[in-house]
Every structure is written in C-alpha cells, then in structure tokens.
Number of protein chains: 4
Amino acid sequence: MAAEGRSERFIKRRQNRIERRRQEILAAAARIFAEKGYAATTTREVAAAADLAEGTLYNYFANKRELLLAVASEAEAPMEAAAMAASQIRDRAGLVTVVEQALDLPAPRLAFMRTMLAEAWVDDHILEEFAVIRLGRIHRRLTAFITERVADGTFRQIDPALTAQLVIGMFGAVLLPTLRGATPPPDADQRRILAESIVGLLLDGILTRGS
Amino acid sequence: MAAEGRSERFIKRRQNRIERRRQEILAAAARIFAEKGYAATTTREVAAAADLAEGTLYNYFANKRELLLAVASEAEAPMEAAAMAASQIRDRAGLVTVVEQALDLPAPRLAFMRTMLAEAWVDDHILEEFAVIRLGRIHRRLTAFITERVADGTFRQIDPALTAQLVIGMFGAVLLPTLRGATPPPDADQRRILAESIVGLLLDGILTRGS
Amino acid sequence: MAAEGRSERFIKRRQNRIERRRQEILAAAARIFAEKGYAATTTREVAAAADLAEGTLYNYFANKRELLLAVASEAEAPMEAAAMAASQIRDRAGLVTVVEQALDLPAPRLAFMRTMLAEAWVDDHILEEFAVIRLGRIHRRLTAFITERVADGTFRQIDPALTAQLVIGMFGAVLLPTLRGATPPPDADQRRILAESIVGLLLDGILTRGS
Amino acid sequence: MAAEGRSERFIKRRQNRIERRRQEILAAAARIFAEKGYAATTTREVAAAADLAEGTLYNYFANKRELLLAVASEAEAPMEAAAMAASQIRDRAGLVTVVEQALDLPAPRLAFMRTMLAEAWVDDHILEEFAVIRLGRIHRRLTAFITERVADGTFRQIDPALTAQLVIGMFGAVLLPTLRGATPPPDADQRRILAESIVGLLLDGILTRGS
DNA sequence: GATGAATGAGAATTCATTCAT
DNA sequence: TATGAATGAATTCTCATTCAT
C-alpha cells in the first residue's frame with residue numbers, strides 16, 4: 001500500500017506536470033493565433049513560443065486543429081462568469097456593478113477570446129460550438145431578466161429578446177477594441193464610468209426627461 | 001478620323017471587358033474569402049469560382065494580397081452610405097428612417113464586408129486602412145449629431161462619443177448575424193420593427209416613465 | 001509586266017521590312033540574353049526590349065530557343081573575320097596589325113558573342129555548333145601558320161597546335177573582361193599597346209636575351 | 001559528467017551528420033548546375049540527385065540561390081591552392097612544377113568551378129564575390145613575382161600586370177576544355193608536357209634564337 | 001516524453017506559347 | 001501581321017505531420 005501510495009503520488013505529479021505543460025502550450029498558441037490568425041500561424045511558431053520542439057506538440061494535441069479547439073474551449077470561463085453575473089442583478093446599483101465587472105476581462109484570457117471570436121467569423125464549427133452556445137446562454141439570461149422586469153412593471157413594454165441583443169451589442173462596442181488588441185484594457189476608473197454610462201443610456205435613454 | 005474613332009471604341013470596349021472581368025474575379029474572391037477566410041482560401045479556389053485558369057488571375061491582380069485589398073476596398077460603399085445618412089438626421093422619424101435604411105445591406109456586398117471585417121480581426125493594415133477609417137467616419141458624424149442635440153437641449157447631458165460608440169454597437173448586434181451569414185438579411189417589415197426598437201431604446205431607455 | 005514589277009517590288013520591300021524587324025528583335029534579344037542569361041530571360045522582356053507585343057515574336061521565331069540559336073548564329077561574323085586575318089600574316093608588323101584588329105570587337109556584336117559564349121558553357125548544342133566549330137577554324141588557321149613558320153625555320157621547334165591554343169588563351173584573357181561587360185572595349189591606343197605586348201611576349205618570351 | 005559527455009558526443013555526431021549531408025547536397029547541386037546551368041536546373045532535380053525529398057533541401061539551404069552561393073564558395077580551394085603555389089616559384093624547374101600542379105584540378109571540384117565560372121558570366125554578384133576576388137589574388141601574386149624578376153634582370157622590361165594576365169589566359173586555354181567537360185582531365189604525362197610547353201613559350205618565345 | 005530531420009502534398013506565382021480579334 | 005488576354009504546366013517554397021533516436 002505504501003508503494004502504491006507512492007506510485008499514485010508519482011502518477012499524480014506527472015499528470016500535473018503534463019497538465020501544466022498543456023496549459024503553457026495553449027497560452028502560447030492563443031497568443032499567436034490571436035495575433036496572426038489560426039490559418040496564418042505555423043506549428044513551428046507555436047512550438048517556438050512554447051519553447052518546445054515541433055514534434056513535442058503532438059504529444060499533447062493530436063493536430064493543429066485540436067489546438068485551436070482547445071484554445072476556443074479555454075475562452076469559456078470569462079463568458080460563463082458574465083452569464084452568471086447577468087442573472088443575479090437586483091437593482092440599478094447591482095446592474096452597474098455587473099456591467100463594471102463584465103468590462104474587466106482578465107488580460108491573459110484576452111488572447112483566447114480573440115482567437116475564438118476571429119475563428120468563429122469563418123469557421124462554422126467554432127461559431128456553433130462556442131460562440132453561439134455561450135453568447136446564447138448570456139442572451140437567454142439577459143432576456144429572462146428583462147422579461148421579469150417588464151412583468152413587474154419596472155421596465156416598459158419592450159421586446160426582451162431584442163433588447164438583450166442590443167445590450168450585448170453595446171458591450172461588444174466597448175470591449176471590441178480591447179479584444180482586438182487595439183487599446184489596453186480599461187482600468188478600474190474607466191470601467192466605472194463606462195458602466196454608469198451604459199446603464200444610464202440603457203435605463204433612461206438619451207432624451208431629456210419630459211421632452 | 002473614322003479609323004481613330006474606331007480604334008478608340010475598340011480600346012474602350014477592351015477596357016470595359018477588362019473592368020467587368022476584374023469585378024467578376026473580385027465577386028468570386030469575396031464570396032470565398034468570406035466563407036473560408038483569406039488565409040484558408042487558395043488561388044485555385046478563387047480561379048475556379050471565377051471560372052478562370054489560375055494564371056489568369058495574375059493578369060488582373062499582382063498577387064493574392066492585392067486581391068484581398070481590392071475586396072476590402074469594395075466594401076467601402078455601404079459604409080460610406082451609412083455615414084452620409086447619419087449626418088442628415090433631423091427628427092425622431094428621420095432617425096428611424098436612417099436606422100431602417102442602414103439595416104438594409106445590399107446582399108451582394110455582404111461578402112465584401114464580411115471579408116473585410118474578418119481580416120481586420122487579424123490584419124493590422126486592413127484594420128487601419130479600412131475598418132478604423134470608415135467606422136471612424138461614421139462615429140464622428142454620429143458624435144457631431146449627438147453633440148448638437150445635447151447643445152440644443154434635446155438630449156440629456158451625456159457623453160456624445162461614448163453614446164455614438166454604443167449606438168454603433170447596437171447596430172453591430174443586429175447586423176452581425178447577417179454579415180456572418182448566419183441569418184438571412186431582415187426584410188422590410190423586420191427592418192422597420194428593428195429600427196423603431198433601437199430608436200425607442202436609445203431615446204427613451206427601458207425604464208417605465210416616472211420610475 | 002509593269003504590274004508584276006510593282007508587286008515584286010512590294011514583296012521585296014515587305015521582305016526587307018521583315019528582315020529588318022528580325023534583326024531588331026535579335027539585337028534586343030542578344031542584349032538581354034547577354035545581361036541575364038538565356039534561361040533567366042523571359043520572352044516578355046525580349047518583346048518589351050524590341051518594342052513589340054509578346055505574340056508578335058512568334059511571327060518571327062518559332063520559339064524562344066530559335067531566338068537563341070539565331071543570336072548565336074549572328075555571333076559568327078567577328079570570329080570569321082578573326083580567322084580570315086589569322087591566315088594572312090606575313091611578318092612581325094603584320095602580326096601586330098592582325099592582333100590589333102582582332103582586339104577591336106564591334107560593340108554591337110559584343111552582346112551576340114557574350115550570349116553565345118555564356119550558353120556554350122552549359123548547352124552542348126551551342127558549344128558544338130557554334131563555339132567549337134568557329135574557334136576550331138581559328139585554331140586550325142593559326143596552327144597551319146605556325147607549322148609553316150616552324151618549317152621555314154622562323155619559329156623554334158614547338159608544338160604548333162598547342163602554341164595556337166595558348167595564343168587563343170592570351171587573346172581570351174585580354175578580351176574576356178570586355179566580353180563580360182566588365183570593362184569598356186579598349187580604344188585604338190590601348191589596342192596597339194596590347195597587340196605589341198602580346199606579340200612581343202609570344203615571339204621573344206620574357207627572359208632577358210642571353211640568360 | 002558521463003551523461004554530459006554522452007550528450008556532447010551525440011550533438012557532435014549530429015552536427016557531423018548534418019555537415020556530411022550538406023556536402024552531399026552541394027556535390028549533387030554542383031554536378032547538375034554544371035551540366036545544365038543554374039537557372040535551368042530545378043530544385044526537384046537537385047533533390048533527386050541528392051536522393052532527398054524536395055522539402056529536405058530547405059532544411060539545409062534557405063533557398064535555391066543560397067545553394068548556388070555555397071557551390072561557388074566551395075570552388076575556392078583549388079584557386080586558393082593555385083595562388084599559394086604561384087608565390088613560391090624560385091627557378092625554371094620550380095615554375096614548371098607549379099604549372100604542372102596547377103593543371104591538376106581535382107576532378108570532384110570540377111563541377112564546382114564550372115558552375116561558378118558559368119554563373120559569373122551572367123551574375124554580377126558571383127563575378128565580383130568569387131571570380132574577380134580569387135582570380136585577382138592569383139593575378140596579384142603572379143604580377144609581384146614577375147615584377148621581382150624584372151627588377152633582378154632575369155626578365156626583360158615587360159609590363160608585369162599584362163604579362164600575368166596573358167599567363168592566366170594560357171592557363172585558361174588549357175584548362176577550359178576540361179572545366180567545360182569537353183575533354184577528360186590531362187594525366188600526369190600530359191600535364192608535364194603541357195607545363196613544359198607553356199613555360200618554354202613563356203620564357204623563350206617562339207622565335208628561333210638569334211632571328 | 002522530447003527532439004528535430006525528413007517528408008511530400010499543396011500553395012502561390014511565373015512564363016512560353018496560343019489564338020481570337 | 002500585330003496584339004495581348006488566356007492558359008496550365010512547371011517552379012520554388014512552405015508546413016503539418018511522422019518517426020527514428
């Protein structure tokens with residue numbers, strides 16, 4: 001049993017080591033895919049970025065496409081978090097907070113999301129499996145939230161699904177430059193201002209009250 | 001002089017023929033670039049789609065990249081039209097009309113725009129030269145329009161530039177699925193409903209008045 | 001008969017025009033072949049240099065190789081002249097004169113000779129048909145001349161064929177830089193000095209007499 | 001330390017293997033370049049001659065031109081040797097020996113030299129970098145040698161540089177057919193006869209003494 | 001597991017030649 | 001005859017993947 005315990009520990013350690021290496025490769029791949037696009041990236045470049053020999057990649061991923069799918073998979077977490085937050089909004093202040101947090105994309109995940117979104121643009125499988133499913137989840141939660149508020153009279157008689165879609169669009173407009181790598185991520189102050197503006201626009205519109 | 005007239009006409013005809021051919025090639029290229037992405041498209045595929053020998057492409061475009069740049073260039077017209085319209089809004093009804101028209105992307109141009117946007121995602125030159133410049137123009141016109149309305153008291157004290165960005169985002173949310181080829185372009189009725197919803201959300205917000 | 005005479009004249013003129021055009025094409029081809037080598041020259045370049053459409057070349061030459069063979073053919077004249085001169089040497093002054101004249105390669109023929117020699121270096125047919133045959137003729141005349149002089153006691157008991165070969169080599173050493181286009185052709189004064197040096201070296205050797 | 005020693009040895013062996021392979025490729029390339037000329041040779045032919053896949057060539061040379069430059073570089077040794085020998089001549093017998101040795105081009109190097117010389121004919125960079133520099137070195141050594149002999153009265157008052165050039169030409173005349181692949185390299189007996197003839201012609205001229 | 005040389009299918013591009021006008 | 005667009009075979013070079021070490 002002691003021997004077994006030891007070998008189990010060894011196996012665990014090895015698996016950890018392997019998993020860690022896998023993550024390093026994915027991070028390297030995401031960085032380069034995000035920069036040059038999947039199709040224009042060579043496995044040699046990925047290997048170099050991950051500080052590995054080319055052949056070693058194939059001990060971790062069956063082929064180049066698996067690498068892409070794994071990167072797209074890893075883009076999941078931030079969108080998941082956004083979806084979770086969306087369903088727990090209670091009041092105006094809560095809404096601002098949620099928007100504010102959603103604007104705080106963790107920098108290391110940027111490359112994953114950028115890769116996924118860029119590929120979704122031309123790759124139907126990526127689009128269906130990742131973008132549609134995950135954005136769909138966010139959209140459904142937002143729609144449900146809006147439907148409730150319309151029912152309880154807080155919101156006007158608006159189309160909840162369309163409104164949810166437009167809200168996602170506003171988000172996109174704000175996050176896109178950062179995702180594209182054109183501007184640095186907004187800092188905490190900027191996020192608060194953006195969040196308040198978005199929520200203000202969304203709740204109150206832009207007309208002067210009474211006009 | 002008759003002879004000259006004739007040779008001139010011949011030259012003209014040839015130039016027309018050449019220009020027509022160029023357009024056919026561009027349309028074919030845009031279609032395939034949009035579908036598979038620039039990097040994943042082969043010149044062989046473009047030639048086949050344009051019903052030409054591979055070598056013939058190079059009588060019209062110096063290389064594959066020139067083909068991409070020409071496609072991106074041709075994506076200009078719809079965005080130009082949108083920018084023009086944005087600067088001629090007078091009242092709420094006018095705003096609805098403009099939004100409605102902007103949602104009517106001419107189907108044959110879809111492939112050009114999709115190609116351009118997909119490449120802007122990974123190609124800095126395309127991003128700068130086409131996407132940034134043209135979206136920038138629309139953004140500036142919108143910002144100017146909002147600034148005026150804030151000045152004359154029609155709109156609340158909001159940040160015009162940020163608001164313009166959010167408006168563009170709402171647009172994007174509505175147009176994106178069509179650009180991506182995921183949904184057919186909205187018909188006239190759908191466009192009117194979308195336009196009124198967007199304008200309503202934008203002007204009035206989603207809160208019940210008085211809340 | 002008058003009519004026939006007229007048509008004959010027309011035919012003659014046309015043939016002259018055609019022949020002139022052929023020569024223009026050959027001169028253009030020789031110039032570019034000489035500069036870049038036959039294999040690296042495109043028919044498009046030749047056509048452009050001859051101020052013609054590509055297709056028109058093929059009204060004058062069956063294909064690119066015929067063009068090369070025609071250029072090689074035209075390289076004949078200067079070598080023919082050299083061979084003629086070589087057989088008419090009478091005395092030391094005559095020898096100097098002949099050498100001097102042989103050093104005066106007509107500039108426009110340079111391109112033809114350079115092309116021929118460059119191709120002979122890799123093309124067996126050109127080597128046999130042009131270089132070997134023509135250099136061979138010169139070599140035979142020189143050998144015959146030397147043989148005579150050995151027989152009449154003017155020259156020492158040397159190997160006439162080998163000596164002729166060495167003489168041709170001395171020539172080559174002097175003409176090569178010009179043929180290659182590395183130095184301008186020698187002017188009259190330089191030619192005289194070179195001729196006297198060559199003849200002096202050849203006849204007297206380099207040892208101080210009596211040593 | 002044992003492990004290190006082993007890995008060092010492995011690395012050494014690999015480097016040796018790579019270097020050997022490089023040389024094989026160069027030899028194959030030189031052979032075909034010499035036969036057909038650089039421009040007319042395809043990388044496919046080189047690969048086939050080296051018994052390799054086409055792609056493998058590019059693990060050893062960045063592109064076709066690098067292959068040519070490497071071949072030209074390898075043509076250096078024989079010319080270097082000739083230059084060395086040229087500066088160590090002492091007397092007539094020594095001169096004959098040097099000439100004799102210079103006529104003994106190692107057969108495997110023939111293809112390298114033929115390639116280099118053929119390309120120098122149309123490629124300015126090859127001409128400058130290889131032919132001019134190396135022939136120039138030989139020429140300078142010969143010139144210096146002749147200048148000394150003129151100074152000490154052994155040689156007549158001749159132009160040393162021109163004489164050196166003519167001597168190189170005599171060499172060329174003798175070696176050219178072999179370099180071109182038209183005749184087999186001379187054997188030892190032939191080399192001695194040639195050397196004595198050349199030296200005899202050079203030192204004594206062809207006139208009967210006293211004439 | 002790690003390495004990196006070898007592979008060969010496939011990519012972009014060129015170019016001699018043809019042929020309708 | 002002159003033109004130059006069209007052709008497609010051939011060329012150079014790349015790159016995902018394999019495999020012996």
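In what follows, every heavy atom counts, from backbone to side chain, and hydrogens, waters and symmetry copies are set aside. Below, read A as the first sequence line, B as the second, and so on, with proteins coming before strands; counting in each chain starts at 1.
Rounded to an integer number of Å, the gap from CG of C/Leu52 to C1' of F/dT1 is 11 Å. What separates CZ of B/Arg21 from C1' of E/dA20 is a distance of 13 Å, to the nearest Å. The nearest whole Å value for the distance from the CG atom in C/Leu57 to the C1' atom in E/dA16 is 10 Å. Atom-to-atom, OH of A/Tyr58 to P of F/dC19 comes out at 13 Å; the value is rounded to the nearest Å. C/Ile25 places its CD1 atom 11 Å from the P atom of F/dT1, with the value rounded to the nearest Å. Rounded to whole Å, atom P of E/dC15 lies 16 Å from atom CG of C/Leu67. If you measure from atom CZ of C/Arg44 to atom P of E/dT14, you get 10 Å, rounded to the nearest angstrom. For the pair A/Glu66 CD and F/dT17 P, the computed distance is 10 Å after rounding to whole Å.
If you check E/dA9 for Watson-Crick or wobble pairing at under 3.5 angstrom, you find it paired to F/dT14. Nucleotide F/dG4 forms a pair with E/dC19, judged by Watson-Crick or G-U wobble geometry with both contacts under 3.5 Å.
When the side-chain nitrogen and oxygen atoms of A/Asn59 are compared with OP1 and OP2 of E/dA2, one or more of them lie within a distance under 4.0 Å. Side-chain nitrogen and oxygen atoms of A/Tyr60 include none within less than 4.0 Å of the OP1 or OP2 phosphate oxygen of E/dG1. At the phosphate of E/dG1, neither OP1 nor OP2 sits under 4.0 Å from any side-chain N or O atom of A/Arg17.
Taking the side chain of D/Lys64 as heavy atoms from C-beta on, and the options F/dC13, E/dG1, E/dA5, the nearest nucleotide is F/dC13. Counting only heavy atoms from C-beta on, B/Asn63 has its side chain closest to E/dT13 among F/dC13, F/dT7, E/dT13.
Here the CE atom belonging to B/Met116 is positioned 14.0 Å from the CZ atom belonging to B/Arg114, to the nearest 0.5 angstrom. Considering CD of C/Glu45 and CD of C/Glu54, their distance stands at 10.5 Å, rounded to 0.5 Å.
Remark on DNA chain F: of its neighbouring residues D/Tyr38 and B/Thr56, the 5'-side contact belongs to B/Thr56, judged by nearest-heavy-atom nucleotide. Nucleotides of DNA chain E nearest to C/Arg65 and B/Thr43 differ in position, and the one nearer the 5' end is that of B/Thr43. Heavy-atom distances to DNA chain E give each of D/Gly55 and B/Glu54 a nearest nucleotide, and the one nearer the 5′ end belongs to D/Gly55. Residue B/Ala53 is the one, among B/Ala53 and D/Ala39, whose nearest nucleotide of DNA chain F lies closer to the 5' end (criterion: closest heavy atom).
No hydrogens or angles considered: a donor-acceptor pair under 3.5 Å links the side chains of D/Glu19 and D/Gln23.
Smallest separation of non-hydrogen atoms from D/Arg22 and D/Phe61: NH1-CE2, 3.4 Å.
When each of C/Val71, C/Leu69, C/Leu127, C/Ile126 is checked for a side chain to side chain contact (heavy atoms under 4.5 Å, CB included) with C/Glu119, only C/Ile126 meets the rule.
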